[in-house]
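The shown structure was predicted, so the numbers you read here are calculated from the model rather than taken from an experiment. Proteins get letters first, then strands, A, B, ... in listed order; numbering begins at 1 in each.
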There are 2 protein chains.
Amino acid sequence: MEKSKATIHDISEALGIDSSTVSRALNDSSRVKGKTKKKIINKARELGYQRNSLASKLRTNKTNTIGVIVPRISRHFFSSVIAGIEEVAFNSNYDIIICQSLESVEREKKLIETLLSNRVDGILISISMESTNYDHFEAYKRQGYPIIFFDRPCNILENTNVIINDFQASFEATEHLIDIGCKDIVHFSGPQTLELYKKRRNGYMAALEKHGILVRKEYIIESHLMQEDGIESAKKILNLPKVDSVFSANDTAAISAMQYLKKKHINIPKDIAFVGFSNEPISVVITPSLTTIEQPDFKMGKEAFKLLFEQIENKTSQKENKTKIFSSKLIIRSSTKR
Amino acid sequence: MEKSKATIHDISEALGIDSSTVSRALNDSSRVKGKTKKKIINKARELGYQRNSLASKLRTNKTNTIGVIVPRISRHFFSSVIAGIEEVAFNSNYDIIICQSLESVEREKKLIETLLSNRVDGILISISMESTNYDHFEAYKRQGYPIIFFDRPCNILENTNVIINDFQASFEATEHLIDIGCKDIVHFSGPQTLELYKKRRNGYMAALEKHGILVRKEYIIESHLMQEDGIESAKKILNLPKVDSVFSANDTAAISAMQYLKKKHINIPKDIAFVGFSNEPISVVITPSLTTIEQPDFKMGKEAFKLLFEQIENKTSQKENKTKIFSSKLIIRSSTKR
DNA sequence: TTCTAAAATACAATCGATTGTATTTTATTT
DNA sequence: AAATAAAATACAATCGATTGTATTTTAGAA
């Protein structure tokens, strides 16, 4: 009984004014004039009226809502991107639904289904590590459904990605290690199913090649780059003939590896120097502080929303690839100071 | 054109079967038997049918969705609580909408309005620091709207909170400092509008009193406990006559204060010992590692959802206070080792 | 074969808001 | 006062799915 909310029809009845007029009044239409409008608004307040968005969205076939899917919300990079998205979305009068895939494709697919069944106007997504094929994305894309990928791009036709120049960033990071005199450089790499990690690995390899350093397969350690993977990778390092530095494709793995090695009395950066990726807040707090790559997270979020917004509003340009590449910045800290 | 999705009526027409039967078939009702059901399901797949949840929710007046509002998703404690909520929600076939208030009441109110207009079945919330009065919550509560508070409780009548024993935890934390020989203990406190911070402060004071230590007002430094507040508070410490330790009501402020003091060549824990609150991942990485209080975040999330679920399903017991208090655990690390 | 019960499916109203069109009211002009 | 235009408001269909009730079909019994 208490749950039954007042509707425009209750207001309509109470005032003897048609519900269409009530609707227009509440939407501030010019077709209802001041006096009537005021009466309606007052009555609405009196009855504790609150618009039923479900009905409204159903009727108008527009939700003014977008879905945002990230691997995990606790990652600083992602929460910052979300902050950027929210800022612009708020100004454009869009709501956002935040979801986390937890790196599982299955969950990712289910989330997309849910978002679509709720008829969000578009989706911003950073795909999960588990995603090995892009068929489902391709299907949405083909239907002309507005969807934009950020950070972790998706290489399908006519697709829009918002990314950084991962190759270049990794190249610079690796070159920085070479500059300080490193030769035996390990790379912590992520799943090669993700374009992102391929590019980071390629950047690493290109830097080695440029400086005439042999690329050794066993010096590229692939994992999911989670905390526990960092420890495993650190153990593997200790079994390699000679290692003087690590370029990790993310901070999380770098940091847990550093901690493991510190416990084993290995001096960082003297014995092994470290470069991470993403500039998680933790990287400045750890001792030694971690050299890493800063991404323009907030700006990426803003841009991603803007591009999605364009796709939503002018249905025309959906087929165009508008990939936007941001540049990142190497932040040099103690973990590479010799 | 492409945006116009297939509906049950399209399936109905294509097969010459009434839409009501189609609806039942897709909902796996026993009123439609195997052969018809199969035909319908196949056609649905063929047409790329996808249920319109908006219509369904509107009709049934049930969304199977709850809203979760936290101050910020990037806080480890909150993202862990959310993980707990999601786990149980998933099993109960509920969707969750994650929102962040960013500690702003205005935003918080707007979020609640949006959630309600989308007719979520209930709300889980950890209120913002800015919230000074609970009128709006009281209103929902009075309407019998299912809403449960976690971590940061809301003291209104017949309300359910999922919290830890903040008084006890703070008492123990402070006593631990006393145990290691501290006497001049500063407390970093949060806004006293929040019950939570009052309790933490009271726990601190009670411990001092128990051990015959005078409570000095100027030793209680109140702020929003953000990163920049930690630095400000650290500066204030340096102006106090004598300080041998700090009990901070959260890790964030403790950590930024520690970093500031380290730069000023103050030895932690020798000169000043530190205890934080929440066990953020960063607290174990910083040097020295931070003694802090671990909260059962994941379990709290699970419990919060369960209680909300009960309220949603048996409308009867909504008026009952079922506050659940979890116990926390002091984790002793280097920042208090002498 | 006819009748009856049960099984299967169809009909039609409904959820709450929106919106194109129609109608009524008001104001203006002659 | 009548005619007309403009302003204000009412009517009714619609969005897509659900569901109580009614009807038709099928199967089994007499």
Exercise. Atom NZ of B:K5 and atom P of D:dA17: how far apart are they, to the nearest Å?
Worked result: 11 Å
Exercise. Think B:K33 has a side-chain N or O under 4.0 angstrom from the OP1 or OP2 of C:dA7?
Worked result: no
Exercise. How would you label the contact of A:V32 with the nucleic acid (heavy atoms, under 4.0 Å): base, sugar-phosphate, or nothing?
Worked result: sugar-phosphate
Exercise. C:dC11 P sits how many Å from B:D18 CG, rounded?
Worked result: 6 Å
Seminar exercise, completed: Between NZ of B:K57 and C1' of C:dT14 the distance, given in whole Å, is 19 Å
Exercise. At under 4.0 Å, does any side-chain N or O of A:T36 touch on OP1 or OP2 of D:dT9?
Worked result: yes
Exercise. So, is A:T7 near the phosphate of C:dC15, with a side-chain N or O under 4.0 Å from OP1 or OP2?
Worked result: no
Exercise. Where each residue is assigned the nucleotide of DNA chain C containing its nearest heavy atom, which of A:R31 and A:S19 is assigned the position nearer the 5′ end?
Worked result: A:S19
For this session: Would you kindly check whether a donor in the side chain of A:R24 faces an acceptor in the base of D:dT9, or vice versa, at under 3.5 angstrom?
Result: no
For this session: Begin from the C-alpha positions of B:K57 and B:N118 and carry the test side chain to side chain contact (heavy atoms under 4.5 Å, CB included) through to its verdict.
Result: CA-CA 10 Å; B:K57 290 171 176 177; B:N118 282 293; over 6 Å; no
Problem set entry | Rounded distance (Å) that lies between atom C1' of D:dG16 and atom CG of A:L116 | 16 Å
Problem set entry | Gap between atoms NZ and P, on A:K37 and D:dA8 respectively (whole Å) | 10 Å
Problem set entry | Euclidean distance, atom CD1 of residue A:I8 to atom C1' of C:dC15 [Å, nearest integer] | 12 Å
Exercise. Would you call A:E46-A:K43 a salt bridge at under 4.0 Å N-O?
Worked result: yes
Exercise. Looking at B:F326, is B:K324 sitting on its ring face, NZ or CZ under 6.0 Å from the six-membered ring centre and within 45 degrees of the normal?
Worked result: yes
Exercise. Could you state the CZ-P distance from A:R119 to C:dA17, rounded to the nearest angstrom?
Worked result: 20 Å
Problem set entry | CZ on B:F137 to NZ on B:K109, rounded to 0.5 Å | 9.0 Å
For this session: For A:S56, answer base if it contacts any base atom (sugar-phosphate contacts may also be present), sugar-phosphate if it contacts only those atoms, and nothing otherwise; contact means non-hydrogen atoms under 4.0 Å.
Result: sugar-phosphate
Exercise. Across the strands shown, which category fits A:G34 at heavy-atom distances under 4.0 angstrom: base, sugar-phosphate, nothing?
Worked result: nothing
Exercise. Between A:N27 and A:R51, do the side chains contain an N or O donor and an N or O acceptor separated by less than 3.5 Å?
Worked result: yes
For this session: Find which nucleotide of DNA chain C each of A:S23 and B:T60 is nearest to by heavy atoms, and output the residue with the more 5' nucleotide.
Result: B:T60
Problem set entry | Salt bridge flag under 4.0 Å for residues B:R107 and A:E87 | no
Seminar exercise, completed: To the nearest angstrom, the CD1-P distance between B:I17 and D:dT25 comes to 14 Å
Exercise. Between C:dA10, D:dG16, D:dA10, which nucleotide has the shortest distance from any of its atoms to the side chain of A:S20?
Worked result: D:dA10
Problem set entry | A:N133, CG: over 12 other non-hydrogen atoms inside 6.0 angstrom | yes
Problem set entry | Whether over 12 other heavy atoms sit under 6.0 Å from A:Q50 CD | yes
Problem set entry | Contacting residues from residues 38-55 of chain A, given that a heavy atom lies under 4.0 angstrom of DNA chain D | none
